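Right, one structure below, let's go through it.
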Amino acid sequence: MQLNDYTGVIHLHSAYSFDGRTPIAEIIAAAQQKGLDFLLLTDHSTTQARKDGYEGWHDGTLLIVGEEIAPRFNHYLAFGLSEPIACTEREPDLPPQEYIDRVQTHGGIGFIAHPDHQGTALFHVKHYPWNDWSVTGYTGLGIWDFMTDWQNSLTGQLRAILSYAFPAYFLRGPAPATLERWDRMTQMRRIAGIGELDNHNSRKRILGIHISIFPFSRVFRLIRTHILTEKPLCGDSRSDIPTLLDALKRGRAYISLDHFRPANGFLMILMEEGRKATMGDDFILHHSAELRASFPHRARIRLIRNGNLFHESDGKELTLTLRDGGVYRIEADLKAFGRYRPWIFSNPIYVKYC
């Protein structure tokens with residue numbers, strides 16, 4: 001199975017957002033400097049960046065314009081829409097099911113954003129979790145959000161300074177509550193998991209000093225989403241954007257912290273009698289199948305089945321025979337500077353026993 005691995009960032013805000021301040025051109029330049037293949041822009045309740053001609057290829061980086069539907073709670077990332085769906089904290093709220101349905105009706109895909117965001121009392125950052133779990137019809141959810149993870153580290157002034165200076169060293173991985181919920185959901189239907197950055201490059205006054213939190217050039221090597229496609233992108237945004245969004249919708253993706261080591265090249269394949277499947281795929285198990293996972297660097301590997309640890313090992317490869325159905329995904333930790341750090345979280349393969 002030949003797959004193309006494209007690395008990018010999902011959920012970021014430019015000067016088109018009321019709480020953003022970085023021009024699109026600066027964001028694109030930072031993405032190019034960090035070698036990103038794509039950006040999924042999510043300004044609040046606007047797709048003006050598309051109208052102004054920014055959507056498309058920019059010297060090797062593809063900018064896709066989406067939006068963040070952002071009432072007080074229940075933020076939603078929407079892509080593939082021709083017009084925005086207005087709903088902000090400053091406007092009357094639409095019920096979450098209504099804007100999820102609108103995104104579907106208009107042919108878009110949508111992801112629940114930072115579902116377990118807690119904010120931080122130390123710097124008076126409000127919490128923005130998802131709290132209506134009665135909804136249906138969403139494509140997926142953010143399983144690892146940089147801002148949620150980083151803000152959870154801000155438990156004191158000194159720790160906050162160190163965490164701002166060295167954010168990658170303070171990230172702990174997806175919230176356990178988020179992974180537990182995602183694992184429950186995927187046993188009922190396909191729920192694609194994505195990584196989120198949620199960066200605004202906003203300014204905060206800390207100890208009397210105005211600080212930029214964070215310039216995009218500082219965070220574009222943190223939480224990334226890798227999208228796997230069967231055919232390579234061709235350089236024509238009219239076909240490349242649907243190709244990436246379709247793969248993302250299927251869950252052909254994995255999330256990684258690329259600060260210490262890039263995760264490019266990670267692959268998870270299930271094979272039986274010439275049939276193959278990868279992340280996001282359904283697979284009918286007739287007798288037994290061989291699961292193979294390969295990593296670009298040595299890692300501590302955990303295979304998760306239906307939310308429970310199924311197998312654990314160390315190395316650059318994992319080969320295992322599966323004889324039972326279930327929802328299988330991989331977590332991997334990378335050893336860097338003396339300790340294991342969260343590195344790769346795959347979307348699952350959905351295995352049913354025939």
Side-chain angles (χ1 to χ4, degrees), residues 7-12 40 42 74-77 111-120 127-131 133 138-155 163 167-187 190-199 219 221-227 248 251-263 266 268 279-280 293 295 299-310 312 327-336 339-349:
T7 307
V9 167
I10 300 174
H11 194 172
L12 60 148
L40 267 63
T42 51
N74 303 312
H75 290 196
Y76 197 59
L77 307 179
F111 298 84
I112 290 173
H114 42 70
D116 294 293
H117 184 266
Q118 299 176 3
T120 174
H127 59 301
Y128 293 97
W130 188 277
N131 56 25
W133 292 103
Y138 47 93
T139 307
L141 75 161
I143 64 165
W144 192 2
D145 169 45
F146 167 63
M147 275 297 162
T148 296
D149 195 348
W150 179 72
Q151 287 172 359
N152 286 344
S153 72
L154 306 181
T155 56
S163 181
Y169 293 81
F170 287 81
L171 298 180
R172 293 176 291 183
T178 304
L179 289 180
E180 181 182 352
R181 185 185 297 109
W182 186 43
D183 284 328
R184 290 199 310 270
M185 290 175 169
T186 55
Q187 292 175 62
R190 177 184 285 102
I191 303 287
I194 62 170
E196 300 178 72
L197 193 63
D198 197 10
N199 196 51
V219 294
R221 289 181 60 196
L222 297 177
I223 309 305
R224 294 174 165 182
T225 300
H226 299 249
I227 300 178
L248 191 62
R252 281 203 163 178
Y254 62 95
I255 299 93
S256 66
L257 169 60
D258 282 3
H259 177 83
F260 300 103
R261 294 275 191 173
F266 165 72
M268 175 185 180
M279 291 164 275
F295 302 80
R300 183 171 62 190
I301 306 162
R302 294 182 299 279
L303 179 64
I304 308 297
R305 174 183 178 269
N306 295 342
N308 299 308
L309 180 63
F310 184 79
E312 187 169 17
V327 182
Y328 292 88
R329 64 176 180 85
I330 279 180
E331 302 176 355
D333 297 333
L334 179 73
K335 194 168 188 179
R339 54 165 288 193
Y340 281 102
R341 304 176 189 276
W343 187 30
I344 292 173
F345 293 82
S346 81
N347 268 270
I349 300 175

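For the numbers below, each heavy atom of this structure counts, side chains included, while hydrogens, waters and symmetry mates do not. Bear in mind that the values here come from a model prediction, so they are computed numbers and not experimental data.
For the residue pair Asn131/Asn74, the side-chain donor-acceptor check at 3.5 Å is satisfied. Between the side chains of Ser163 and Trp150, a donor-acceptor pair is found at a separation under 3.5 Å. Side chain to side chain, His226 and Tyr254 meet the donor-acceptor criterion of an N or O pair below 3.5 Å.
Using a 4.5 Å heavy-atom threshold, the side chains of Asn306 and Asp183 count as separate. Side-chain atoms of Gln118 and Asn152, non-hydrogen and from C-beta on, do get closer than 4.5 Å to each other. Between Leu141 and Trp130, the closest side-chain pair of non-hydrogen atoms is not below 4.5 Å. At a threshold of 4.5 Å between non-hydrogen side-chain atoms, the residues Ser256 and Trp144 do not count as touching.
Across all non-hydrogen atoms, the minimal contact from Tyr76 to Thr139 is OH-N, 4.1 Å. When every heavy atom of Ala168 is checked against every heavy atom of Leu222, the shortest pair comes out as CB-CD2, 3.7 Å. Counting all heavy atoms, side chain and backbone alike, Gln151 lies closest to Gly119 at OE1-CA, 3.8 Å. Summarising the geometry of Gly193 relative to Ile143, their closest heavy-atom pair is CA-CG2, 4.0 Å, with the distance given to 0.1 Å. When all heavy atoms of Asn199 and Met147 are compared, the pair lying nearest together is OD1-CE, 3.7 Å. When all heavy atoms of Gly251 and Asn347 are compared, the pair lying nearest together is O-CB, 3.0 Å.
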Exercise. Could you walk me through whether Leu334 and Leu257 pass the side-chain contact (heavy atoms from CB on, under 4.5 Å) test, one step at a time?
Key: CA-CA 9 Å; Leu334 179 73; Leu257 169 60; over 6 Å; no
Practice problem: Could you please spell out the steps behind the side-chain contact (heavy atoms from CB on, under 4.5 Å) verdict for Arg300 and Glu312? | Solution: CA-CA 7 Å; Arg300 183 171 62 190; Glu312 187 169 17; 3.9 Å; yes
Practice problem: Take Arg181 and Asp116 through the side-chain contact (heavy atoms from CB on, under 4.5 Å) test and state the conclusion after the steps. | Solution: CA-CA 10 Å; Arg181 185 185 297 109; Asp116 294 293; 2.9 Å; yes
Self-check item: Steps toward side-chain contact (heavy atoms from CB on, under 4.5 Å) verdict (Glu196, Val9)
Solution: CA-CA 7 Å; Glu196 300 178 72; Val9 167; over 6 Å; no
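In this structure a side-chain-to-backbone donor-acceptor pair under 3.5 Å is missing from Trp343 to Tyr340. Of the possible donor and acceptor atoms, none in the side chain of Arg329 sits under 3.5 Å from a partner among the backbone N and O of Pro348. Although no hydrogens or angles enter the test, the distance criterion places no donor-acceptor pair under 3.5 Å between the side chain of Asp198 and the main chain of His11.
The distance from the CD1 atom of Ile255 to the CZ atom of Phe266 is 10.0 Å, given to the nearest 0.5 Å. Going from atom CZ of Phe345 over to atom CH2 of Trp182 covers 9.5 Å, rounded to the nearest 0.5 Å. Taken from CD1 in Ile349 to OH in Tyr328, the straight-line distance is 10.5 Å, to the nearest 0.5 Å. To the nearest 0.5 Å, atoms CD (Glu331) and CG (Leu303) are separated by 9.5 Å. To the nearest 0.5 Å, atoms CG (Leu309) and CD1 (Ile304) are separated by 5.0 Å. Interatomic distance, CD1 of Ile10 versus CG of Asp145, reported as 11.5 Å (0.5 Å rounding).
The 12-atom threshold is not exceeded at CZ of Arg261, counting heavy atoms of other residues, nucleotides or ligands nearer than 6.0 Å.
No option in His117, His127, His114 other than His114 meets the ring pair (Phe, Tyr, Trp, His ring centres under 6.0 Å) test with His75.
A salt bridge is defined here as a Lys NZ or Arg NE, NH1 or NH2 lying under 4.0 Å from an Asp or Glu carboxylate O, and Asp258 with Arg224 meets this definition.
Remark: Arg341 pairs with Tyr169, Phe260, Ala336, Phe337, Arg339 by the side-chain contact (heavy atoms from CB on, under 4.5 Å) rule, at least two apart or across chains.
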